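Being a predicted model, the structure only gives us computed values, none of them experimental. FYI, side chains are in, hydrogens and waters are out, and symmetry mates aren't considered; it's all heavy atoms of this structure.
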Amino acid sequence: MAIRNSLKGQFFQRSSVFGARFMSSSWFRSIEPAPKDPILGVTEAFLADQSPNKVNVGVGAYRNDDGKPVVLDCVREAERRIAGNQFMEYLPMGGSIKMVEESLKLAYGDNSEFIKDKRIAAVQALSGTGACRLFAAFQQRFHPNSQIYIPVPTWANHHNIWRDAGVPMKTFRYYHPESKGLDFEGLMDDIKNAPDGSFFLLHACAHNPTGVDPSEEQWREISSQIKAKGHFPFFDMAYQGFASGDPERDAKAIRIFLQDGHLLGLAQSYAKNMGLYGQRVGCLSLLCEDEKQAVAVKSQLQLISRPMYSNPPVHGALIVSTVLGDPELKKLWLNEVKGMADRIIGMRTTLRENLEKRNSPLPWQHITNQIGMFCYSGLTPEQVDLMTSKFHIYMTRNGRISMAGLNTGNVGYVAEAIHEVTKSS
């Protein structure tokens with residue numbers, strides 16, 4: 001008994017010493033809290049606000065006219081068809097072959113010669129973010145001395161994606177604050193002056209956060225200048241169909257670059273245009289010189305994805321392939337995505353009309369000139385703060401308004417608040 005008690009005492013003594021030693025040399029003591037994401041911070045503040053008049057125009061997801069999230073009827077029907085009928089085992093590293101095939105037809109055209117010639121290396125990705133991240137890793141691995149030119153401004157996460165992939169970033173002019181439109185002259189000048197063979201990140205449609213897109217003629221000039229300099233264009237297309245209501249029209253920039261003979265990269269997402277935000281369904285594709293090159297590139301994309309996430313999830317891919325692969329469901333989707341786009345366009349018109357009928361001293365035509373979910377309002381950070389503190393209207397401090405957050409019930413109130421904070425400008 002005495003020996004047992006002695007051993008027990010030694011054990012507890014050693015345990016307490018070990019615990020103290022472990023506590024005194026914490027592995028994580030020097031780690032500081034990460035800065036809050038500006039968009040998520042807006043949502044947190046909105047949820048904590050008790051005002052009955054509060055409005056959130058910072059959210060980056062579609063809402064109907066009642067301010068509610070939407071699940072499309074085509075998605076509901078696709079889920080009904082696949083429920084209990086599909087296996088739940090791993091997809092290949094490249095993802096769902098059917099989903100990828102339908103994605104390529106949507107982006108490159110049903111009768112694309114590049115699809116027929118098997119010149120496109122494509123894999124399923126974790127929505128548009130994952131597609132961009134996978135390409136950034138590919139760029140860093142096979143062009144380690146390259147850099148990416150990113151528009152000013154752009155979606156904030158673009159900077160994080162290429163930075164974490166170890167790719168140096170530079171910027172090119174895009175938005176013109178005075179006109180609240182495209183700085184086309186600055187954009188073309190920066191493309192011309194970039195070192196030959198640079199990588200350029202382009203928004204295919206509904207530029208986030210400004211809603212400012214080049215015209216078709218401007219896209220043709222951009223394509224010509226990029227080709228003359230031997231640059232590589234990488235398109236992020238998060239809003240095909242959701243911008244204008246017509247997927248073909250929204251893919252026009254891609255088609256122009258294809259006609260001009262570019263090799264290019266493309267990130268596609270089904271978060272916005274099918275409402276599959278949480279399913280994380282996307283596609284990364286690279287147009288190559290020939291089929292042999294496409295096979296090699298795809299194999300490398302799969303090799304990069306293997307240690308990242310092994311293979312992509314199956315459920316969202318089944319939804320997309322079912323909707324796009326069935327003529328009846330695809331027709332329903334086209335009607336529904338047009339309905340969403342039309343509601344956004346209608347809110348732009350209503351907001352502008354409400355501001356103009358208040359005899360605002362400022363011009364507001366940029367609201368309807370821009371396109372897509374987001375409007376770059378022109379509000380200053382100080383005016384945004386006043387919108388929040390006085391009117392309980394929440395948005396990011398760059399003045400970006402999510403048009404999906406507006407509806408017939410609140411658009412007049414938001415217009416009145418904007419008028420109040422800008423009338424002395």
Side-chain angles (χ1 to χ4, degrees), residues 28-71 126-130 132-133 153-161 163-164 206-211 236 238-239 242 269-272 275-282 316 340 343-344 347 351 372-418 420-422:
F28 311 116
R29 178 171 296 166
S30 63
I31 296 176
E32 298 291 334
K36 286 189 175 182
D37 182 280
I39 298 174
L40 298 181
V42 169
T43 300
E44 289 177 5
F46 169 78
L47 293 174
D49 193 332
Q50 299 300 310
S51 171
N53 298 320
K54 65 180 182 178
V55 178
N56 185 4
V57 287
V59 64
Y62 181 77
R63 297 289 184 265
N64 63 18
D65 199 51
D66 295 322
K68 304 296 184 183
V70 173
V71 178
L126 304 183
S127 202
T129 302
C132 287
R133 183 63 175 82
T154 192
W155 179 48
N157 212 23
H158 281 147
H159 295 277
N160 302 329
I161 289 167
R163 179 200 66 215
D164 283 5
H207 180 274
N208 182 0
T210 68
D236 188 356
Y239 298 92
F242 191 62
S269 166
Y270 293 99
K272 306 295 191 302
L276 298 176
Y277 302 94
Q279 295 293 346
R280 315 311 296 145
V281 196
M340 291 193 293
R343 195 187 90 73
I344 295 294
M347 281 297 103
L351 179 61
M373 183 182 289
F374 301 113
C375 170
Y376 228 44
S377 65
L379 295 176
T380 67
E382 293 74 23
Q383 289 169 337
V384 169
D385 291 342
L386 193 57
M387 291 279 288
T388 300
S389 62
K390 186 174 180 180
F391 297 98
H392 305 275
I393 297 172
Y394 292 82
M395 67 183 76
T396 51
R397 294 190 81 236
N398 60 7
R400 186 195 78 167
I401 294 175
S402 172
M403 302 308 296
L406 296 179
N407 54 59
T408 52
N410 65 27
V411 64
Y413 176 69
V414 172
E416 179 63 28
I418 292 174
E420 287 295 320
V421 303
T422 60

(request) Check the pair Val59, Tyr394 against side chain to side chain contact (heavy atoms under 4.5 Å, CB included), reporting the backbone distance first and the verdict last. (result) CA-CA 9 Å; Val59 64; Tyr394 292 82; over 6 Å; no
(request) Start with the C-alpha gap between Thr154 and His159, add the side-chain angles, then the distance that decides, and say whether side chain to side chain contact (heavy atoms under 4.5 Å, CB included) holds. (result) CA-CA 8 Å; Thr154 192; His159 295 277; 3.6 Å; yes
(request) Show the numbers, then the answer: is there a side chain to side chain donor-acceptor pair (under 3.5 Å) between Asp49 and Ser51? (result) CA-CA 6 Å; Asp49 193 332; Ser51 171; 4.6 Å; no
(request) Please step through side chain to side chain contact (heavy atoms under 4.5 Å, CB included) for the pair Phe242 and Met373, ending with a clear verdict. (result) CA-CA 8 Å; Phe242 191 62; Met373 183 182 289; 3.3 Å; yes
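Within the 4.5 Å cutoff, side-chain heavy atoms of Thr129 are placed close to those of Arg280. By the 4.5 Å heavy-atom criterion applied to side chains, Tyr277 and Pro69 are not counted as neighbours. Side-chain contact between Arg343 and Asn407 is present, with at least one heavy-atom pair separated by less than 4.5 Å. Taking 4.5 Å as the limit, some side-chain heavy atom of Phe374 sits within range of a side-chain heavy atom of Ser402.
Below 30°, between 30° and 60°, or above 60°: for His158 and Trp155 the angle between ring planes is above 60°, a perpendicular geometry.
Leu276 and Gly316 make their closest contact through CD1-O, 4.5 Å (heavy atoms, listed as atom of the first residue, atom of the second, distance). Of all heavy-atom pairs between Gly372 and Met403, the closest is O-CG, 4.3 Å. Looking at every heavy atom in both residues, Ser269 comes nearest to Gly128 through CB-N, 3.6 Å. Pairing each heavy atom of Thr396 with each of Val384, the nearest pair is O-CG1, 3.8 Å. Of all heavy-atom pairs spanning Gly405 and Asn410, the tightest one is O-ND2, 3.2 Å. When all heavy atoms are compared, the tightest approach of Val42 to Gly58 is CG1-CA, 4.4 Å.
Taken from CD in Glu382 to CZ in Arg397, the straight-line distance is 6.0 Å, to the nearest 0.5 Å. To the nearest 0.5 angstrom, Asn208 atom CG is 7.0 Å from Lys272 atom NZ. Asn157 contributes atom CG, which lies 9.0 Å from atom CZ of Arg163 (distance to the nearest 0.5 angstrom). Between atom CD of residue Glu420 and atom CD1 of residue Ile418 there is a gap of 11.5 Å, rounded to the nearest 0.5 Å. How far OG of Ser377 is from CE of Met395: 6.0 Å, rounded to the nearest 0.5 Å. For the atom pair OG1 (Thr380) and CE (Met387), the distance works out to 11.0 Å, reported to the nearest 0.5 Å.
Counting only distance, with no hydrogens or angles, the side chain of Thr388 and the backbone of Ile393 share a donor-acceptor pair below 3.5 Å. Side-chain atoms of Asp65 come within 3.5 Å of backbone atoms of Thr408 as a donor-acceptor pair (strictly under, hydrogens ignored). No donor-acceptor pair under 3.5 Å is formed between the side chain of His392 and the backbone N or O of Gln50. Side chain of Tyr413 to backbone of Phe391: a donor-acceptor contact under 3.5 angstrom is found.
Judged by the 6.0 Å and 45° rule, Lys54 forms a cation-pi pair with Phe46.
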